[in-house]
Amino acid sequence: MAESISFEPPRGMRDFYPEDMAWRNRVFDAFRAAGAAYGFEPYDACVVESYDLLARKAGEEVGEQIYHFRDKSDRHIALRAEMTPTLARMVAQRQGSLAFPLKWTTIAQCFRYERMTKGRKREHYQWNCDIIGEESMLAEVEVLGAACDALRRMGLSSADFKVHVSNRALLSELLAAGGIPSASHPQVFLALDKRGKMPDEELCAMMRENGLSDEDVERTFKILDISSLDDAAALVAPDSPAVANLRELFRLAEVSGFAQCLEFDISVIRGLSYYTGIVFECFDVKREFRAIFGGGRYDNLLTTIGGAPATAVGLGFGDVVVTELLKARLGADAAAEKKGVYVGFMFPEQRDAALRLAARLRAQGECVNLALRKAKPKQFFARAGASQCAKAVFIGPDDVVAGQARLKDLATREETTVEI
Ligand code: HAM
């Protein structure tokens, strides 16, 4: 007897049955439409990269989660955990010939060996929008505007989600004003980014291990209690560039019409070490789910991998969390609008008429699902109702004689006549 193997996909990986694809398409369609509406050009790249490009300093979670292996020629290869290093590599390769600023977008499958929790898989698709070579805040505004637009296209509004925005430079200024030496800031960022994911005592221990005194740790936590940009501004220099920067971002978002989707949140840090300025993370308003998307400004990544200097802003927006949120807010079977016509026949004698009608409707641009077998009317309409079609035509012997049949709207039950 054949040895039985599991029919489940490997842990953390997903299969997409048609009902799952309906959700995926709804999400991807919104990604593509929003990317196009904001003028981002699509690109793509290989899923495997050299391990050296992706591996980074210890302490960063993503670096530790990389799937990597040696190929048959002993090359150290990895599956991408995110798109940003690959994007940087592609830009660096053609840095002399590309026209900056460039706005690129992609939907990339990414792999991370994560602990499996709600909203976290070991494989996910991530929509990326990045602007390379633009220093002004308009880059942040366009990236954030595109992300909010995608959520709106999926059927969500600012009543469902908020983008929490901060500036790493402001947190640095606040830490410096609290007497915490700048050499410790990167370690403090990494520790604070884990807040909520591990107990505060463990974070304190992490910071102490990195040379912070008990007093410093206490001051660091106090900073996280700051709840408004005005309160933060009062603690740093009056001409703080980081504060001015954030005020400009909120102002431009107002002009652009999506300021209601943003809020200042000093606790947004981001786990990736390459961010240099504005950072943001989007959450559902009820805070039931993990982050919907995240990103920020990363002005040094090109030089870190050996390219020429180039400023950059971008975001990664996964498909997993937003799909969970959509199912919760819109209902589990609201994935796709029904469209097209289900065409069927009662006896083999009407099969040609059904096929001819299907061909004509398709030629007119209609989507047609042709029933492949004869059916009784009840059976046919039950199947039509369960299908993705909005309308149905059932052809019986009398219809062929009359040369016309009834086209039924499956939702309203209204009927019109079609020639057959
Ligand atoms: P990230 O915060 O690591 O950023 O991931 C961005 C988004 O990808 C998350 O907010 C979440 O929606 C999704 N995501 C990440 N890991 C998983 C997972 N294991 N399962 C399901 N969804 C996940 C980045 O990756 C940056 N490279 C984004 C970026 C682009 N920054 C600049 N440009």
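Basis for what follows: all heavy atoms, side chains included, without hydrogens, waters or symmetry-related copies. Every number for a ligand or one of its atoms is a count from 1 in the order of the listing. Positions are given from 1, in the same order as the sequence printed here.
Note that K374 lies outside the cation-pi zone of F345, set by a 6.0 Å cut-off to the ring centre and a 45° limit from the axis.
Around atom 3 (O) of ligand 1, the closest heavy atom drawn from Q126, E82, E61, R112 belongs to R112. Atom 31 (N) of ligand 1 has its nearest heavy-atom neighbour, among Y275, F280, Y113, in Y275. Counting only non-hydrogen atoms, the option in C129, G119, G318 that gets closest to atom 21 (C) of ligand 1 is G119. With atom 1 (P) of ligand 1 as the reference point, the heavy atom nearest to it among R297, R270, E281 is part of R270. When the heavy atoms of E123, R120, M116 are ranked by distance to atom 9 (C) of ligand 1, first place goes to R120. Scanning G314, C110, G316 for the heavy atom closest to atom 7 (C) of ligand 1 points to G316.
Under 3.5 Å, the side chains of E49 and T86 contain a donor-acceptor pair of N or O atoms.
Distances shorter than 4.0 angstrom do not occur between any heavy atom of V321 and any atom of ligand 1.
Considering backbone and side-chain N/O of R122, none are found under 3.5 Å from N/O of ligand 1.
Contact check on E61 versus R115 returns no salt bridge, with no Lys/Arg side-chain nitrogen under 4.0 Å from an Asp/Glu carboxylate oxygen. Under 4.0 Å is where a charged nitrogen must lie from a carboxylate oxygen, and between R247 and D230 at least one such pair does. Classification of E254 and R251 as a salt-bridged pair fails, no side-chain N sitting under 4.0 Å from a carboxylate O. Electrostatic pairing of R120 and E114 counts as a salt bridge here, judged by a charged N lying under 4.0 Å from a carboxylate O.
Looking from atom 33 (N) of ligand 1 to the surrounding protein, the closest heavy atom is D130 OD2, 2.8 Å. Nearest protein heavy-atom neighbour of atom 11 (C) of ligand 1: A291 O, 3.8 Å.
What you find for C129 and T105 is that their closest heavy atoms are SG-OG1, 3.6 Å. Considering all non-hydrogen atoms of both residues, F250 and V165 come closest at CZ-CB, 4.2 Å.
Near E114, meaning under 4.0 Å from any of its heavy atoms, are these atoms of ligand 1: 16 (N), 17 (C), 18 (C), 19 (N). Within ligand 1, counting atoms from 1 as listed, the ones closer than 4.0 Å to a heavy atom of Y274 are 26 (C), 27 (N). The contact set between ligand 1 and F293, taken as ligand atoms under 4.0 Å from a residue heavy atom, comprises 10 (O).
Between L192 and I223 there is no side-chain heavy-atom pair separated by less than 4.5 Å.
Contacts of L315 with ligand 1, taken as heavy-atom pairs under 4.0 Å, involve the backbone alone. Residue L272 touches ligand 1 through its side chain alone, judged by heavy-atom distances below 4.0 Å.
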